[in-house]
Amino acid sequence: MATLFKMSRCPQDAERYPLSANEQIISTMETQVSNGPTSNSGLPNGPPLSANGAADDSKTNLIVNYLPQNMTQEEFKSLFGSIGEIESCKLVRDKITGQSLGYGFVNYVDPNDADKAINTLNGLKLQMKTIKVSYARPSSASIRDANLYVSGLPKSMSQKEMEQLFSQYGRIITSRILVDQVTGVSRGVGFIRFDKRIEAEEAIKGLNGQKPLGASEPITVKFANNPSQKTGQALLSHLYQTTARRYTGPLHHQTQRFRLDNLLNMAYGVKRFSPITIDSMTSLAGVNLTGASSGGWCIFVYNLSPEADESVLWQLFGPFGAVTNVKVIRDFATNKCKGFGFVTMTNYEEAAMAIASLNGYRLGDRILQVSFKTSKQHKA
DNA sequence: TCATATT
């Protein structure tokens, strides 16, 4: 699906989303492989079964990668539930910290909805991420820990050339070469994820310490670090999140406010006192102010076309921050959009930035009107 | 000397 607009990190984003070095989006080149649904001999009636008699969800079960770090299970379900009925879905989290690992699974009831989800949501830009939606491979121990870290690559080697080098050992699921943020030149390190762990092991045996054709230095090939080992950054971020949620009342206590500031500073690596306003702090702490409903900040979007659907709203607002829900209001009889919809965002600052940016935005031949929802509009 | 893909 064509994205509605190209998102780039605007200057304000750098202040609103101060990221640590290891959270910086480094430019990468990556193949978007699509795991095709595995074939199955479905029975005429009832759910399709694989050879061993287990339910075959190969045509309904999807894996979603590169999700924004702050996306919750509810947001995840809301996004993919906008496509069709979900049998089950799960945002995968760190067992210790509960932090999102940035990927999840969605199993639809109808294989057609799984297909639709791939076609409409793969490549969707949410915040500074581009999500990937593809069929999940059948879960198996043999496909775990198949990720390799490669260093010492010639700077001239492209991702394609690296894949060619490794493809002799098995099916490559993803590959990536890290490049310098500013110059775009290869840093000589990358990742190769094989379909099977055995294939990765063979690649290490065959390529570690070897010189690629025409290279002057040998490359190092080893298993990549496991994502489980979290750094202090992630722990602080987690600390901040869990602590902030405990503040349920107004921040009238100077000590509370000071502590929250400190947590914010630590979590985001800010050196000086963060110029975060009381409004944003209260919204971050889950405090209700006027205009906010319990689920977040509800935004009214007017002048949508009759064909508008939920994915349009996700695409418009997702890049600005955490979106918990979107809704297109439709005519009961025709099922066409009545020209408006609602978007709920978690954080005040992000909602305010989305409104400031999207109010007056031209969508097709229409100029959108975007504002916080008012009680008057609530009646409609 | 490392971004995140198997519930």
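Every chain is numbered from 1 and lettered A, B, ... according to where its sequence line falls, protein lines coming before strand lines.
In the region residues 145-154 of chain A, proximity to DNA chain B at under 4.0 angstrom, judged on heavy atoms, holds for A:N147, A:Y149.
In this structure, A:I367 places its CD1 atom where more than 12 heavy-atom neighbours from other residues, nucleotides or ligands lie under 6.0 Å away. Counting non-hydrogen atoms of neighbouring residues, nucleotides and ligands closer than 6.0 angstrom, the NZ atom of A:K77 reaches no more than 12 such neighbours.
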> Given pairs defined as Watson-Crick or G-U wobble with both distances under 3.5 Å, what dot-bracket annotation applies to DNA chain B, with ( ) intrastrand, [ ] crossing, | other strand and . unpaired?
Replying inline: .......
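Comparing B:dC2, B:dA5, B:dT6 against the side chain of A:L178 picks out B:dC2 as the nearest. The nucleotide whose nearest atom lies closest to any side-chain atom of A:R187 is, among B:dC2, B:dA3, B:dT6, B:dC2. Relative to the side chain of A:T174, the nucleotides B:dC2, B:dA5, B:dT7 differ in distance, and B:dA5 lies closest. Set against B:dT7, B:dT6, B:dA3, the side chain of A:I143 has B:dT6 as its closest nucleotide.
Looking at A:N65, its side chain has no donor and acceptor atom pair within 3.5 Å of the base of B:dT4. Between the side chain of A:R144 and the base of B:dT6, no donor-acceptor pair of N or O atoms lies under 3.5 Å.
Within the nucleic acid shown, A:Y103 comes within 4.0 Å of sugar-phosphate atoms alone, with no base atom in reach, counting heavy atoms only.
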Side-chain polar contacts of residues 138-155 of chain A - donor-acceptor pairs under 3.5 angstrom, sequence neighbours left out - could you list them?
residue, atom, partner, partner atom, Å
A:S140, OG, A:S142, N, 3.0
A:S140, OG, A:S142, OG, 2.7

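Regarding contacts with the backbone of B:dT6, a side-chain N or O of A:R193 is found under 4.0 angstrom from either OP1 or OP2. At the phosphate of B:dC2, neither OP1 nor OP2 sits under 4.0 Å from any side-chain N or O atom of A:N225. At least one side-chain nitrogen or oxygen of A:K129 sits closer than 4.0 Å to the OP1 or OP2 atom of B:dT4.
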